Amino acid sequence: MLEHPGDWTRTDYCGELRSEDIGRDVVLMGWVQSNRDHGGVIFIDLRDREGLVQVVFSPQVSGAVHEKAGALRDEWVIAVRGKVTSRSPETVNKNLPTGEIEVVAGEVRILNTSKVIPFLIEDDINVDELLRLRHRYLDLRRPFMRDNIITRHKTVTATRNFLNGAGFLEIETPYLTRSTPEGARDFLVPSRLNPGEFYALPQSPQLLKQTLMVSGFDRYYQIVRCFRDEDLRADRQPEFTQIDLEMSFVREDDIMNVVEGILKSIFSEAAGIEIETPFPRMKYDEAMLRYGSDKPDTRFGLELEDISGIFRDSQFQVFSCALKKGGIIKALNLKGRAGDLSRKEIDDLGEAAKSLGAKGLAWIRVSDGEWQSPILKVFSDQEKEDLKNALRLEDGDIVFFAADTPHIVNMVLSHIRLELGEKLGLIDHGRFNFLWVEEFPLLDYDPAEKRYVAMHHPFTSPREEDIHLLDEADKSGIRSRAYDVVLNGVEIGGGSIRIYRKDVQEKLFKAIGLTDEEARAKFGFLLEALEFGAPPHGGIALGLDRIVMLITGADSIRDVIAFPKTQKGACPLTEAPSPVDTAQLLELGIKLDVKEKKK
RNA sequence: GGAGCCGUAGUUCAGUCCGGUUAGAACGCUGGCCUGUCAAGCCAGAGGUCGCGGGUUCGAGUCCCGUCGGCUCCGCCA
């Protein structure tokens, strides 16, 4: 029954035929999307990368061809030779770009059959993701997924075009490199030629791109795979792609200009969206204060308010104790929307807060001038008055409070803010709000290790006027020259102006508790390079997967990666990772010490 | 490492709270009918290790314990 394509040459993509093509003889090849057999006339929707076209098989044209068409099933691969004809006005399909025409088949060749597919090749299916990943080749036939992959291609193309035009050189760096202890856990690759030693896959080409600046390449970029052996999230995969760049003799503004240019070009060319530049900027401290997050979604208000001052001497132990331990109290006033939340929904928010680590989520609802709240009794009259003024409380408002460490309060309330924003439709999903977040703290105190750690990475430059603070005991106030670019509450990139002087670099290593020897052992080659005429330089890395996710409206970066991993880091299609032969391990000098996994 | 949700025909789900005859529905699939549909329609049919293991019970999809897997989040992570 199967036939070869023979001497047929495809003339057109199914999805590209239009009324201009009426009268042409065409040869199409593609997949049977659906099959509508009326006993007499048979309609086939034929699909390829560019879309669908209706093919008509009529017994009047050819009895044999019509009979063959009757055997066709979904997802079979066929070649059709026929004539493009116009549809009569009442049979035009306005939902299809090809809906004004159809192809009347004169001949058909069945090139391949298909087993019955496990899920429909359509958008808006609701199928277990495991099944989609196991049959990814089918999942990628769905228009949404196909378009995502195409948008990704356009994004990469736009980026290359822009950067090439801006004087950047694309330079590759090795994937087999050395392990660097700071930052994420490395993926390791054993070295057969050096038994007992390992390469590491790069978490990012950070050190090497800085080295390229010392080499004098001036402007580098790379669209590069990075690897981090950490737990997965909806926006985090163990391997992901960065638009990585570095520039010499620049300040923050120079990098930001380039990034704005890249993003403008990406949005225009991959999505047909013209975005406004320059992007607004916000200091880290302000972002944390107003949104409780270093990546605020600025598409809606509902900002946090710090009301710690009101409860400094409160009788309410939960609040005053939190403050005495160095905590804070913040509130979210959902103005005028109290009526939109049922008691159950309020309780659910409380449960969500608890699962995030809060002890609870207090609330006050104002209706008809009355305050309703489980904790109403504990407030003094003065506190009520202060609250009313601070939060501008009015009828119809509902306020949520959290009192805890700054980290918990900000984390919990920023989550609640996003959940309320989504639930109550405060977010305009058609908007793209870009934001630069700048002046991150340089260092973060790690109570577990009792030392400061670099918040970004240890090559990030402090602000020039803050360098002297590296010698002080309290290093928490040192501001860095790091910046993040945030889109709709998603961090899509981060970078910094780097340290280029040995003396500053040494001070910083000292500040994070690294001895000279340790620093040499870990980053030796870069430190040495910095001693041979390193230019001032800086750069950034943009998360390609996240950018494409936001452009396409995907819920997860898995939907913009052709072959992603599950939360356990597995690929259901290839069944990676997998055990290997003992012989392979022997060759590498590796002996396993793993608890036997029950199968 | 931790919290939550989920796992029942090919697929999506109902049934699980409150154990009891032959586990249902829709879509898909198979066969038949049908000459203008486009989520085609009508008729008929097939299709189940209720994720896996153990326990309680006269009896388990349903209750208990464990385990595997998927998703979301915290921790972790540019």
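The structure presented is a predicted model; accordingly, all values stated were derived computationally and were not measured. All values below come from the heavy atoms of this structure, side chains included, with hydrogens, waters and symmetry mates left out. Proteins come first, then strands; the chains are lettered A, B, ... in the order of their sequence lines, and each starts at number 1.
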Write out a two-atom table: protein N or O, nucleotide N or O from nucleotides 15-17 of chain B, distance below 3.5 Å.
none

For nucleotides 10-12 of chain B, give me every protein contact, N/O to N/O, under 3.5 Å, one pair per line with atom names.
unit_1 : atom_1 : unit_2   : atom_2 : d
B:rU11 : O4'    : A:Pro118 : O      : 3.3
B:rU12 : OP1    : A:Asp128 : N      : 2.7
B:rU12 : O3'    : A:Asn126 : ND2    : 3.1

Exercise. Among all residues two or more places apart in sequence or in another chain, which pass the ring pair (Phe, Tyr, Trp, His ring centres under 6.0 Å) test with A:Phe459?
Worked result: A:His457, A:Phe523
Could you go through nucleotides 30-32 of chain B and list every protein N or O atom that sits under 3.5 Å from one of its N or O atoms, giving the distance for each pair?
unit_1 : atom_1 : unit_2  : atom_2 : d
B:rU30 : OP1    : A:Arg73 : NE     : 3.1
B:rG31 : OP2    : A:Arg73 : NH2    : 3.3

Exercise. Checking only heavy atoms, does the side chain of A:Arg233 share a donor-acceptor pair with the base of B:rG75 at less than 3.5 Å?
Worked result: yes
Please list, for nucleotides 43-46 of chain B, all pairs of protein and nucleotide N/O atoms separated by less than 3.5 Å.
none

Seminar exercise, completed: Here the residues of residues 31-41 of chain A within 4.0 Å heavy-atom distance, strictly under, of RNA chain B are A:Ser34, A:Arg36, A:Asp37, A:His38, A:Gly39, A:Gly40, A:Val41
For this session: Mind jotting down which residue pairs meet the side-chain hydrogen bond (donor to acceptor under 3.5 Å, both in side chains) criterion with at least one end in residues 115-129 of chain A? Sequence neighbours excluded, please.
Result: A:Glu129-A:Arg558
Problem set entry | Residues in contact with RNA chain B, drawn from residues 479-492 of chain A - heavy-atom cutoff 4.0 Å | A:Asp484, A:Glu491
Under-3.5 Å N/O pairs linking protein and nucleotides 4-9 of chain B:
none

For this session: Go through the structure and list residues passing ring pair (Phe, Tyr, Trp, His ring centres under 6.0 Å) with A:Phe434, not counting sequence neighbours.
Result: A:Phe267, A:Phe279
Exercise. Which residues satisfy the side chain to side chain donor-acceptor pair (under 3.5 Å) test with A:Asp297, sequence neighbours excluded?
Worked result: A:Arg299
Exercise. Using a cut-off of 4.0 Å on non-hydrogen atoms, how would the nucleic acid contact of A:Arg134 be classed: base, sugar-phosphate, or nothing?
Worked result: nothing
Please tabulate, for the side chains in residues 55-63 of chain A, all donor-acceptor contacts under 3.5 angstrom to protein atoms that are two or more places apart in sequence or on a different chain.
unit_1  : atom_1 : unit_2  : atom_2 : d
A:Ser58 : OG     : A:Gln60 : N      : 3.1
A:Ser62 : OG     : A:Ala64 : N      : 3.4
A:Ser62 : OG     : A:Val65 : N      : 3.1

